K.L.:
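Please see the structure below; I have some questions.
Here is the naming used below: chain letters follow the sequence lines, and residue numbers restart at 1 for every chain. All of these numbers come straight from a predicted model, not from anything done at the bench.
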2 protein chains.
Amino acid sequence: MKIGQLSKLTGASIRSIRYYEAQGLITPKRSDNGYREYHNLAVEQIRTIQFYLSLGLSTEQIASFLHCVLKNKEAFCRDVLPVYTSKLAEIEQQIQTLTQMKSNLEERIRSIRSEESIYKEATYHVDKTSQ
Amino acid sequence: MKIGQLSKLTGASIRSIRYYEAQGLITPKRSDNGYREYHNLAVEQIRTIQFYLSLGLSTEQIASFLHCVLKNKEAFCRDVLPVYTSKLAEIEQQIQTLTQMKSNLEERIRSIRSEESIYKEATYHVDKTSQ
DNA sequence: ATAAACGATGACATTAATGTCAGGGTCAAG
DNA sequence: CTTGACCCTGACATTAATGTCATCGTTTAT
């Protein structure tokens, strides 16, 4: 099949499919006219790529084990596990950073609210615009 | 003072200080030779900017209330609160997304580990490389 | 044969803050 | 007067995946 149909079947944009190819994630044959020609299996391959992308993996990480995953069941591909665990650690670090930012923000908000109520009391008589 | 000293006093790179200026966050005078000339207050201003950046705010968000924060105490600047709360919502959304990715990854890892142990049992006799 | 629909390539844009380089001025100490 | 340390501006690079053009060739249906 040609790239347009593959795009429709998978939901991946034509641009994205070409990008995956540029990243070495999929390698279609070429017809005589230069058009990319995909087997039916490519549908599943694109879906697999999208699945890993949705897990937050980069195309580079996916490339590191895709050759294996495409030929075996994921469970039998040892290469997947270290990528998963290192990605997991990365995500946990990001969550931690965001959680810290969140606490800081909440603290700022609390602090402002409490000081603002004091401010409102103290200036109630001149602060007629504050409502 | 000139930009080099300001950089040393604040830890912000010269490049970053110029960038803050381009974003309208700080506006130094210019000497006759064209050098940026900062008051002593600029040290505190840069630190303030860095503080807000560390909260995860963008320079654009900071710009939206900095004029106020620099002249008043934060608590008296009403403009800060909505920026804080919208940033907080944004961060919470990011945390939620990451948490979902984390669960998915953990599930994948669990699934692989359990299947792998089955695999190892079933193929133990041919799998001498697996430790 | 022509127009519409499709495919190809290549390039630029997006985002945000920062690094880094090039090609210059300025200034102070020697 | 030269050297080194500093400053200036402008520009390109970084990251990742995708969108969106422009320009061109191909195919298909009328």
K.L.:
May I ask you to evaluate whether B:Tyr19 reaches the phosphate of C:dT18, defined as a side-chain N or O under 4.0 Å from OP1 or OP2?
P.N.:
no
K.L.:
According to the interplanar angle, ranging from 0 to 90°, do the rings of A:Tyr84 and A:Tyr52 count as parallel (below 30°), tilted (30 to 60°) or perpendicular (above 60°)?
P.N.:
tilted
K.L.:
Just do the side-chain contact (heavy atoms from CB on, under 4.5 Å) check on B:Met1 and B:Val43 with the steps written out, would you?
P.N.:
CA-CA 10 Å; B:Met1 84 189 69; B:Val43 175; 3.9 Å; yes
K.L.:
OP1 or OP2 of C:dT18 less than 4.0 angstrom from a side-chain nitrogen or oxygen of B:Ser16, does that happen here?
P.N.:
yes
K.L.:
Between C:dA17 atom C1' and B:Ile46 atom CD1, what is the distance in whole Å?
P.N.:
14 Å
K.L.:
On DNA chain D, nearest-nucleotide positions of A:Ser13 versus B:Ile3: which is more 5'?
P.N.:
B:Ile3
K.L.:
Nearest nucleotide by nearest heavy atom, which residue falls closer to the 5' end of DNA chain D, B:Ile14 or A:Lys2?
P.N.:
B:Ile14
K.L.:
Indicate yes or no: does A:Glu90 engage A:Lys87 in a salt bridge with an N to O separation below 4.0 Å.
P.N.:
yes
K.L.:
Within this structure, what is the CD1-to-P distance between B:Ile17 and D:dT9, rounded to whole angstrom?
P.N.:
13 Å
K.L.:
Tell me whether the side-chain N/O atoms of B:Asn33 come closer than 4.0 Å to OP1 or OP2 in C:dC27.
P.N.:
yes
K.L.:
If you assign each of A:Arg18 and B:Tyr20 to its closest nucleotide in DNA chain C, which residue comes earlier from the 5' end?
P.N.:
A:Arg18
K.L.:
Is there a donor on the side chain of B:Tyr35 or the base of C:dG25 sitting less than 3.5 Å from an acceptor on the other?
P.N.:
yes
K.L.:
Could you give the CD-to-P distance, from A:Glu37 to D:dT27, as a whole number of Å?
P.N.:
12 Å
K.L.:
Between C:dG7 and A:Arg36, is there an OP1 or OP2 to side-chain N/O distance shorter than 4.0 Å?
P.N.:
no
K.L.:
Using a strict cut-off of less than 4.0 Å between a Lys/Arg side-chain nitrogen and an Asp/Glu carboxylate oxygen, indicate whether A:Glu21 and A:Arg18 qualify as a salt bridge.
P.N.:
no
K.L.:
Let me know the distance between OH of B:Tyr38 and C1' of D:dC7, rounded to the nearest Å.
P.N.:
11 Å
K.L.:
Mark yes or no for a side-chain to base donor-acceptor pair under 3.5 Å between B:Arg15 and C:dT20, with no hydrogen or angle criteria applied.
P.N.:
yes
K.L.:
Counting only side-chain N and O atoms of A:Thr59, is one of them less than 4.0 Å from OP1 or OP2 of D:dA16?
P.N.:
no
